[in-house]
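Just below is one structure, and these are the notes that go with it.
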Amino acid sequence: LVSKHIDNIDVMKNKVDMVIFDGAANMQKAGKILQVRYPLVTCIHGAEHVVSLFFYDIAKQPVGQLYVKLNSVLVNWFGGRHQALHAMFLKMSARFNKGRKVSLMRPSGTRMAGYWIAWTRVLRLKSTFEALIVDPAYLDLPKKQRPPDQLVEILKMNDFWGFTYKYMRSVYSAWLT
């Protein structure tokens with residue numbers, strides 16, 4: 001299964017040099033098989049816990065804390081708790097995702113980079129947010145069924161999306177190196 005992904009990104013077998021697995025015996029065996037097939041690959045076992053702690057530490061930093069809290073607020077408002085709004089969000093997301101309804105993710109800080117994976121989903125849904133908050137059906141919702149005006153204003157800010165994109169690139173550069 002892993003070799004298919006490596007083959008897709010490294011046709012010449014000269015780019016991928018490290019694969020990280022958990023410490024389970026079957027994963028250790030899979031790592032040995034990969035090392036035979038890809039001579040440049042080093043398999044590290046058990047290191048995912050260290051990587052997970054690294055990304056969890058990022059979430060403890062002031063900016064990281066803001067993103068964790070904001071994701072929670074977005075999930076609470078657009079991710080299912082408010083049914084009418086969630087239904088509108090899913091319908092709108094299908095318009096921007098080739099007919100597929102894409103929702104927000106409720107991350108777990110204990111999973112490897114869970115918070116940051118959830119933010120890649122938020123970035124993917126940027127057009128959905130932008131279109132929804134100006135949609136007449138959304139504007140017709142009773143005020144108590146819509147998110148606070150401050151949250152909507154944040155979602156309208158180009159600077160917010162630009163900074164978020166740059167922040168996620170910086171987080172992922174740590175992940176991808």
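These numbers come from a predicted model, not from an experiment.
Taking CE of M157 as the start and OG1 of T164 as the end, the distance is 9.5 Å to the nearest 0.5 Å.
One hydrophobic cluster holds both V63 and F55 under the rule that ILVMFWY side chains link at heavy-atom gaps under 4.5 Å. Residue F54 is grouped with residue Y56 when hydrophobic side chains (ILVMFWY) are merged at heavy-atom distances under 4.5 angstrom, including chains of intermediate members. Hydrophobic clustering of Ile, Leu, Val, Met, Phe, Trp and Tyr side chains at less than 4.5 Å, counting indirect connections, unites V171 with F163.
Looking at W161, its side chain does come within 3.5 Å of a backbone N or O of L155 through a donor-acceptor pair. At distances below 3.5 Å, not a single donor-acceptor pair connects side-chain atoms of R106 with backbone N or O atoms of V75. Side chain of H86 to backbone of F78: a donor-acceptor contact under 3.5 angstrom is found.
Heavy atoms only, all atoms of each residue included: D135 and A137 are closest at OD2-N, 3.0 Å. Taking every heavy atom of both residues into account, N76 and R81 meet most closely at O-CB, 3.1 Å. Contact detail for W116 and G64: the closest heavy-atom pair is CH2-CA, 3.7 Å. Between L104 and G79 the shortest heavy-atom distance is CD1-N, 4.4 Å.
Side-chain contact between K69 and S72: absent, with no pair of heavy atoms (C-beta onward) separated by less than 4.5 Å. Annotation: side chain of E153 is in contact with side chain of K156 (closest heavy-atom distance under 4.5 Å). In this structure the side chain of V73 never reaches within 4.5 angstrom of the side chain of P147, judged on heavy atoms. Within the 4.5 Å cutoff, the side chain of R146 has no heavy atoms near those of the V152 side chain. A 4.5 Å side-chain heavy-atom check between Y167 and I58 finds at least one atom pair inside the cut-off. Contact check for Y165 versus S170: no side-chain heavy atoms found under the 4.5 Å cut-off. Here the side chains of L151 and L74 are in contact, with some heavy-atom distance below 4.5 Å.
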Show the atom names and distances, to 0.1 Å, of all donor-acceptor pairs under 3.5 Å that link a side chain in residues 117-134 to residues at least two apart or in another chain.
unit_1 : atom_1 : unit_2 : atom_2 : d
W119   : NE1    : Y67    : O      : 2.9
T120   : OG1    : I117   : O      : 2.5
R121   : NH1    : S103   : O      : 2.6
R124   : NE     : N97    : OD1    : 3.0
R124   : NH2    : N97    : OD1    : 3.3
K126   : NZ     : E130   : OE2    : 3.1

Handout entry: Evaluation steps, side-chain contact (heavy atoms from CB on, under 4.5 Å), between Y115 and N71
Key = CA-CA 8 Å; Y115 294 128; N71 188 74; 5.9 Å; no
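Between K143 and D149, at least one side-chain N (NZ, or NE/NH1/NH2) sits under 4.0 Å from a carboxylate O, which counts as a salt bridge.
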